[in-house]
Amino acid sequence: MAYLDHASAFAIAGAEAVPAPWATQDEGRVDFSALEWTVIAMSRKDSIASLSAPGVLSRAFGGLFGLGRKSMLADPKLEALRRIAVHAWRRGYTLPVSEIKRFLAAGFSAGQFETLLASIASKRLERPRSLTA
């Protein structure tokens, strides 16, 4: 009778299984401070393009014509929060793993990650209120 190890049946030969970025995290805190909630709310208006560094031409035209882009936040922890929030506002649950790792490395917990996604998902599903009501 043959034995099949289901845990490693789909593993690549010679490669170790890589856990999800949040798998080793404890739930930890699940709430945010008032400042962090403000960053999450403000990031709703930011585009994905606001996450990339401006190029040389973009900086030159921005300085010349006053068409500057929004800059990054000075606090690295708040910037990691803004980045993950922008992705969540724009793409829902399809977040880049690199951004999840950055968020967790900044000191946020897996519980906060879940709270962020649930909060943004509920706001994305709300219908826009009509101006006549």
Side-chain angles (χ1 to χ4, degrees):
M1 187 154 142
Y3 172 73
L4 180 61
D5 183 8
H6 294 287
S8 64
F10 300 104
I12 299 171
E16 294 181 16
V18 178
W22 55 87
T24 58
Q25 294 283 328
D26 185 17
E27 282 295 311
R29 284 184 50 212
V30 295
D31 59 333
F32 291 103
S33 69
L35 175 62
E36 291 166 342
W37 279 117
T38 302
V39 169
I40 293 167
M42 289 175 47
S43 68
R44 185 176 195 167
K45 296 179 183 177
D46 292 348
S47 67
I48 295 290
S50 72
L51 303 178
S52 62
V56 175
L57 264 167
S58 177
R59 286 193 310 255
F61 281 117
L64 187 61
F65 298 110
L67 304 172
R69 293 174 17 154
K70 295 179 181 174
S71 60
M72 296 178 6
L73 297 176
D75 183 3
K77 184 173 181 176
L78 292 178
E79 178 60 18
L81 176 62
R82 183 186 78 86
R83 293 178 67 85
I84 198 90
V86 168
H87 279 289
W89 282 116
R90 298 291 174 220
R91 297 184 176 156
Y93 290 105
T94 46
L95 304 172
V97 174
S98 61
E99 292 298 332
I100 298 170
K101 287 181 180 179
R102 181 188 309 231
F103 178 78
L104 296 173
F108 292 103
S109 70
Q112 288 174 310
F113 177 69
E114 292 175 4
T115 300
L116 172 78
L117 290 181
S119 173
I120 290 176
S122 69
K123 295 291 184 195
R124 289 180 75 207
L125 293 175
E126 286 181 358
R127 289 185 188 180
R129 295 182 181 158
S130 67
L131 297 176
T132 59

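Nothing fancy with the numbering, it's 1 onward along the sequence.
Note: R102 CZ to E79 CD = 7.5 Å, rounded to the nearest 0.5 Å.
Taking both residues in full, the closest heavy atoms of I40 and A85 are given as CA-CB, 4.3 Å, listed atom of the first, atom of the second, then distance. In terms of heavy atoms, A88 sits closest to L117 at CB-CD2, 4.0 Å. Closest approach of P96 and R91 over heavy atoms only: CG-NH1, 4.4 Å.
Counting only heavy atoms from C-beta outward, the side chains of L78 and L35 approach each other to under 4.5 Å. For the pair L81/L73, no side-chain contact is recorded, criterion being any heavy-atom separation below 4.5 Å from C-beta on. Counting heavy atoms from C-beta outward, W37 and S119 have side chains that approach closer than 4.5 Å. F32 has its side chain within reach of L116: a pair of non-hydrogen atoms, C-beta onward, lies under 4.5 Å apart. Taking the side chain as every heavy atom from C-beta outward, R44 and I120 never approach each other to under 4.5 Å. In this structure, the side chains of W89 and K123 come closer than 4.5 Å at one or more pairs of heavy atoms. Taking 4.5 Å as the limit, some side-chain heavy atom of E36 sits within range of a side-chain heavy atom of K77.
In this structure, the side chain of E99 does not engage the main chain of I84 through any donor-acceptor pair within 3.5 Å. Panel note: side chain Q112, backbone V30; no donor-acceptor pair is recorded below 3.5 Å. Distance alone, capped at 3.5 Å, is enough to place a donor-acceptor pair between the R90 side chain and the D46 backbone.
Between F103 and F108, the ring-plane angle classifies as parallel under the 30° and 60° cut-offs.
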